[in-house]
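These numbers come from the heavy atoms of this one structure, side chains and all, not from hydrogens, waters or symmetry mates.
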2 protein chains.
Amino acid sequence: MPNNKPVTMDAVYTAPGYLFRRMQQIAVALFIEECKAFDLTPVQYAALIAISTHPGIDATRLSAVIAFDRSTLGNVIERLEAKEFIVRKPAPEDRRVKLLYLTKAGAAVLDEIMPSVDKAQARMLQPLKPADRKTLLALLTQLVDLNNEASRVPLRAEDALEHLGKSG
Amino acid sequence: MPNNKPVTMDAVYTAPGYLFRRMQQIAVALFIEECKAFDLTPVQYAALIAISTHPGIDATRLSAVIAFDRSTLGNVIERLEAKEFIVRKPAPEDRRVKLLYLTKAGAAVLDEIMPSVDKAQARMLQPLKPADRKTLLALLTQLVDLNNEASRVPLRAEDALEHLGKSG
DNA sequence: GCCATATTGTCAGTATACTGTCAATTAAAT
DNA sequence: ATTTAATTGACAGTATACTGACAATATGGC
């Protein structure tokens, strides 16, 4: 037997899932606003950073390093390639794989966008008191980590991927 | 002059924006998993709740009550109508407006899905200690509220909309 | 009453996200 | 070595999200 309680909007407003969705939208809006001078979305920025720190990574491993869906990432890579921020080169030892590298333009945009990204990230938490910012960030980091396996694409950090290297 | 610091993945992993995105994806995954018996997404659920608590609301005001984009909501409403969980009726006093009402099936699915939604919401925070759950939820609620105007579609709760009533 | 303005729903275009599938290719089993 | 498995990038289909535009309709100033 289901419930008989009157339904109010609190069923939505106080649900963590709703708050996470809302906060994510706010985060994207702030990122776009701060970084509108650069032709980069938050997802594209994360992908660029990962390619920058892992030159020659392939799409599947990139997906694990930033925890983005492999299908989605295909389109992201396409757009980054169209903007000439990255190049795709076929891997010599495995003809299925295409390796990803930053171009000069990609490295440049990454270098230049950093201050704006930092500003956007700061603005997201700015309304809170400094101590609360720290607390929230710590709890959020913890929660994302502990819920890692609950997402379709769990994060597999660099270390966990090294043994998958082609010539290891 | 931009920076010269070596870029690591921490530029991504520790950014609040990245953590919010990740947590939102986890939240959706848990919702879908718990509610797979019901043909409802998180967004559709929120819309249904709002229509349930505001029978005869129109799409624009619905968008303000759940803080979802008006364009996006059009498609959501379409799908809810296709599933016959809601109906759209033209407003008699304003021929631009279409009023939204729950169907019997819509009310039924809302009633039945509640326990699963609650379970999903609980699972999102479960990895944290109970005290930490409270803290995170409180800070998150605060942050979303204080950042309300930063999002493209700020939340306008019921109260703020009452004076817009047709026959007020 | 007429005209500038605002509102409403809709649509086209772009960008995440996820599910499921597929061909090509590689690796593993025996 | 040949069959079987798994992996890789790609694709089709669905569902959010946002931008910008549009026609139909209402509303306000005058």
Side-chain angles (χ1 to χ4, degrees), chain A residues 17-18 20-22 24-33 36 39-47 57-64 66-83 88-100 151-153 161 164 166, chain B residues 17-18 20-22 24-33 36 39-47 57-64 66-83 88-100 151-153 161 164 166:
Chain A
Y18 175 78
F20 287 129
R21 173 183 302 275
R22 196 100 179 69
Q24 208 267 323
Q25 288 174 359
I26 289 166
V28 172
L30 291 175
F31 185 104
I32 297 293
E33 191 181 322
K36 60 175 175 294
D39 193 19
L40 274 188
T41 66
V43 166
Q44 289 165 14
Y45 164 77
I57 197 174
D58 61 272
T60 296
R61 293 210 284 168
L62 178 60
S63 133
I66 53 182
F68 289 168
D69 184 81
R70 212 158 51 104
S71 294
T72 305
L73 205 53
N75 304 323
V76 176
I77 288 171
E78 240 172 50
R79 283 185 278 273
L80 284 175
E81 199 180 21
K83 293 175 187 173
R88 265 192 286 203
K89 294 183 186 173
E93 348 73 64
D94 188 337
R95 275 185 295 173
R96 293 169 304 181
V97 172
K98 296 179 182 175
L99 307 180
L100 304 171
S151 66
R152 155 126 148 125
V153 187
L161 293 172
L164 297 177
K166 305 293 187 305
Chain B
Y18 175 78
F20 288 129
R21 172 183 304 273
R22 196 98 181 73
Q24 207 269 323
Q25 287 174 357
I26 290 166
V28 172
L30 290 175
F31 184 103
I32 297 294
E33 190 182 322
K36 60 175 174 294
D39 193 18
L40 274 189
T41 66
V43 166
Q44 290 166 13
Y45 165 77
I57 197 173
D58 62 88
T60 295
R61 294 211 281 167
L62 178 61
S63 131
I66 51 181
F68 289 170
D69 183 81
R70 210 159 51 102
S71 295
T72 306
L73 205 52
N75 303 323
V76 176
I77 289 172
E78 239 173 52
R79 284 185 277 272
L80 285 176
E81 199 180 21
K83 292 174 187 173
R88 266 191 286 202
K89 293 182 186 172
E93 349 75 62
D94 189 335
R95 276 186 293 172
R96 293 170 304 180
V97 172
K98 296 179 182 175
L99 307 179
L100 305 171
S151 66
R152 155 128 149 125
V153 187
L161 292 172
L164 296 178
K166 304 294 186 309

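The partner of D:dT3 is C:dA28, by the rule that a Watson-Crick or G-U pair needs both atom distances under 3.5 Å. Base-pair partner of D:dG13: C:dC18 (Watson-Crick or G-U wobble, both distances under 3.5 Å).
Regarding contacts with the backbone of C:dT16, a side-chain N or O of A:Gln44 is found under 4.0 angstrom from either OP1 or OP2. Phosphate proximity of D:dT16 to A:Gln25: absent, as no side-chain N or O sits under 4.0 Å from OP1 or OP2.
D:dA5 takes the syn form, because its glycosidic angle lies no more than 90° either side of 0.
When rounded to the nearest whole Å, the span between CZ of A:Phe68 and P of D:dT16 equals 20 Å. A straight line from CD of A:Glu81 to P of C:dA15 spans 15 Å, rounded to a whole angstrom. As a whole-Å value, the separation of B:Leu80 CG from D:dA15 P is 10 Å. Look at CG on A:Asp69: it is 18 Å from P on D:dG13, rounded to the nearest Å. Rounded to whole Å, the distance from CZ on B:Arg22 to C1' on C:dT16 is 15 Å. The CZ-P distance, from A:Arg61 to D:dT8, rounds to 9 Å in whole Å. Between B:Leu100 atom CG and C:dT8 atom C1' the separation is 12 Å, expressed in whole Å. Distance CG (A:Asn75) to C1' (D:dT14): 14 Å, rounded to an integer number of Å.
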Next on the checklist: Output one letter per nucleotide in nucleotides 21-29 of chain C: B when a protein non-hydrogen atom lies under 4.0 Å from the base, S when only the sugar-phosphate is that close, - when neither is.
Outcome noted: ---BBS---
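For A:Arg96, the side chain to side chain donor-acceptor pair (under 3.5 Å) partners at least two apart in sequence or on another chain are A:Asp94. Residues passing the side chain to side chain donor-acceptor pair (under 3.5 Å) test with B:Gln44 are B:Lys83, sequence neighbours excluded. For B:Ser151, the side chain to side chain donor-acceptor pair (under 3.5 Å) partners are A:Arg22, not counting sequence neighbours.
The distance from atom CZ of B:Phe31 to atom OH of A:Tyr18, rounded to the nearest 0.5 Å, is 14.0 Å. Here the CG-CG distance, from A:Asn75 to A:Leu80, works out to 11.0 Å after rounding to the nearest 0.5 Å.
When the nucleotides C:dG9, D:dA10, D:dT8 are ranked by their closest atom to the side chain of A:Asp58, D:dT8 comes out on top. The side chain of A:Thr41 lies closest to C:dA15 when the candidates are D:dG9, D:dC11, C:dA15. Residue A:Arg79 has its side chain nearest to C:dT16 when only D:dT16, C:dT16, D:dT8 are considered. Listed candidates were D:dC11, D:dC18, C:dT16. Nearest to the side chain of A:Glu78 is D:dC11.
Where A:Pro42 and B:Thr60 meet DNA chain C, the nucleotide closest to each residue was compared, and B:Thr60 sits on the side nearer the 5' end. Closest-nucleotide positions on DNA chain C for A:Asp39 and A:Ala67 were compared, and the one nearer the 5' end corresponds to A:Asp39.
Within 4.0 Å (heavy atoms only), A:Val76 reaches sugar-phosphate atoms of the nucleic acid but no base atom. Looking at heavy-atom distances under 4.0 Å, A:Thr72 makes contact with a base.
At a threshold of 4.5 Å between non-hydrogen side-chain atoms, the residues A:Phe68 and A:Val76 do not count as touching.
Residues in residues 69-82 of chain B take part in these salt bridge (Lys or Arg N to Asp or Glu O under 4.0 Å) pairs, two or more places apart or across chains: B:Asp69-B:Arg152, B:Glu81-B:Arg88.
For the residue pair A:Leu73 and A:Ala59, the shortest heavy atom distance occurs at CD2-O, 3.6 Å.
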